[in-house]
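Structure first, then comments.
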Amino acid sequence: MQTHQELYLPRMGCGTWAWGNQLLWGYNESMDEQLQAVFNLCVSNGVTLFDTGDSYGTGRLNGRSELLLGQFAQEYQGVNQENICIATKLAAYPWRWTRQSMINACKSSAQRLGRNVDLVQMHWSTANYAPWQESGLLDGLADLYEQGLVKGVGLSNYGTKRLQRVHQKFAERGVPIKTLQVQYSLLSTYPVTELGLKDVCDQLGIKLIAYSPLALGILTGKYSEKGPFPRGVRGLLFRQLLPGVRSLLQCLQDVAQSRNKTMSQVALNWCIAKGTIPIPGAKSVKQAQENIGALGWQLDSGEIAELDKAAASSDKKMVQNIFQTK
């Protein structure tokens, strides 16, 4: 059995879905210098977890996010360098169904990164549409840990029932599940509140990672019902959701003003207060600085209760990931 290095998980991470995604986030290669600066700023401020996926990057830029992260990590010299944790998610593509396909996929990610993957995650469960496909992929995930190719394994978009089954399967092999990543924000409390995921994760010693903690930007307060809206799919979603989240955004704004913080910082601090690690994206140094401002202070229980109430009474909720299982 391999001896395993410890996986260091900070209070907040950085999501890199936008790094290489032209379609949804308007990425182009001239942004790379700015992204390196984002990476450096995050690490030096203790935001050392970077979440990526082997499917990130559109068209010919497939795998771009991993390539960039690898370069940035190699070039970074300075404080917290030893705590950098690169987490990737391996896609459950239809042509991946053997355990070896997962091992190969992780090795390809490591090649793009120019270093081993620290935390490898199953990007989604195939339980909703091809349950037979999953067991080979999960075996491969556990193999990666057993072979010492990664420091830890995690899951993404799994609900309580599936999580417990996989946990048992892995426990029989002595493979711990380190993390579970779900869409979680003031606009998407479903996996945690309604599926009771947080309690199960606490019992099993699994850390919850919150993706889309700012609901693709709706919770930043930068967009109003009157527009202008972001281009493409996000714009369509914002048009649908914004009128129904008026009272939640008002509550966020009130708390932010009384705290002298921004709405984003309050929304992220709320995720941290709920015992999760939020991984907001950042494409600019300004965004990264704003995200970092969510650290170093805490909402009090009264503010959290107010936000919870506003979230619960919100007419609209974020669209759930189609792969999210129960």
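Note: hydrogens, waters and symmetry copies are ignored here, and every other heavy atom, side chains too, is used. All values reported here derive from a predicted model rather than from experimental measurement. FYI, the numbering just counts along the sequence from 1.
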From CA spacing to verdict: side chain to side chain donor-acceptor pair (under 3.5 Å), N80, Y8: CA-CA 11 Å; N80 299 325; Y8 176 78; over 6 Å; no
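- At a cut-off of 3.5 Å, with distance as the only test, no side-chain donor of Q34 or S284 sits close to an acceptor on the other residue.
- In summary, the side chains of N269 and Q265 do not present any donor paired with an acceptor at a separation below 3.5 Å, with no hydrogens or angles considered.
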Which donor-acceptor pairs under 3.5 Å do the side chains of residues 84-96 make with protein atoms, sequence neighbours left out?
unit_1	atom_1	unit_2	atom_2	d
T88	OG1	E66	OE2	2.6
K89	NZ	D51	OD2	2.5
K89	NZ	T52	O	2.9
K89	NZ	Y56	OH	3.0
R96	NH1	D54	OD2	2.8
R96	NH1	A91	O	2.9
R96	NH2	D54	OD2	3.0

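- Proximity of a side-chain donor or acceptor of T126 to a complementary backbone N or O of A130 within less than 3.5 Å is detected.
- The backbone N or O of W19 sits nowhere less than 3.5 Å from a side-chain atom of T16 that would complete a donor-acceptor pair.
- Among pairs with a residue in residues 157-168, those fulfilling salt bridge (Lys or Arg N to Asp or Glu O under 4.0 Å) read E134-R162, at least two apart in sequence or across chains.
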Stepwise side chain to side chain donor-acceptor pair (under 3.5 Å) check, Q36 with N40: CA-CA 6 Å; Q36 169 88 65; N40 297 351; 2.9 Å; yes
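- Listed by first and then second residue, the salt bridge (Lys or Arg N to Asp or Glu O under 4.0 Å) pairs involving residues 269-279 are K274-D308 (not counting sequence neighbours).
- A donor-acceptor pair is defined here as one N or O able to donate and one able to accept, closer than 3.5 Å; such a pair exists between the side chain of T220 and the backbone of G217.
- L236 forms part of no hydrophobic cluster, judged by ILVMFWY side-chain heavy-atom separations under 4.5 Å.
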Stepwise side chain to side chain contact (heavy atoms under 4.5 Å, CB included) check, L137 with S101: CA-CA 8 Å; L137 300 180; S101 65; 3.9 Å; yes
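- Residues S156 and Q121 bring no donor and acceptor atom of their side chains to less than 3.5 Å of each other.
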Please list every donor-acceptor pair under 3.5 Å in which a side-chain atom of residues 71-78 meets a protein atom from a residue at least two apart or in another chain.
unit_1	atom_1	unit_2	atom_2	d
Q74	NE2	G114	O	3.2
Y76	OH	V79	N	3.4
Y76	OH	V79	O	2.7

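- Put simply, the side chain of T276 gets close to the backbone of C271: a donor and an acceptor are under 3.5 Å apart.
- Here the closest heavy-atom approach between residue L248 and residue A311 is recorded as CD1-N, 3.9 Å.
- Look at E225 and R246 and you find a salt bridge, because one of the NZ, NE, NH1 or NH2 atoms lies within 4.0 Å of a carboxylate O, short of that distance.
- Salt bridge E6/K151: absent, no basic N to carboxylate O contact under 4.0 Å.
- Distance alone, capped at 3.5 Å, is enough to place a donor-acceptor pair between the R234 side chain and the L216 backbone.
- Sorted by first and then second residue, the pairs that involve residues 249-265 and meet salt bridge (Lys or Arg N to Asp or Glu O under 4.0 Å), not counting sequence neighbours, are R259-E303.
- Ring geometry for Y223 versus F238: interplanar angle over 60°, hence perpendicular rather than tilted (30 to 60°).
- Checked against the 6.0 Å centroid criterion, the rings of W270 and Y184 qualify as a close aromatic pair.
- Checked for salt-bridge contact, D32 and R64 meet the test: a charged N lies under 4.0 Å from a carboxylate O.
- Between K178 atom NZ and L155 atom CG the span is 13.5 Å, to the nearest 0.5 Å.
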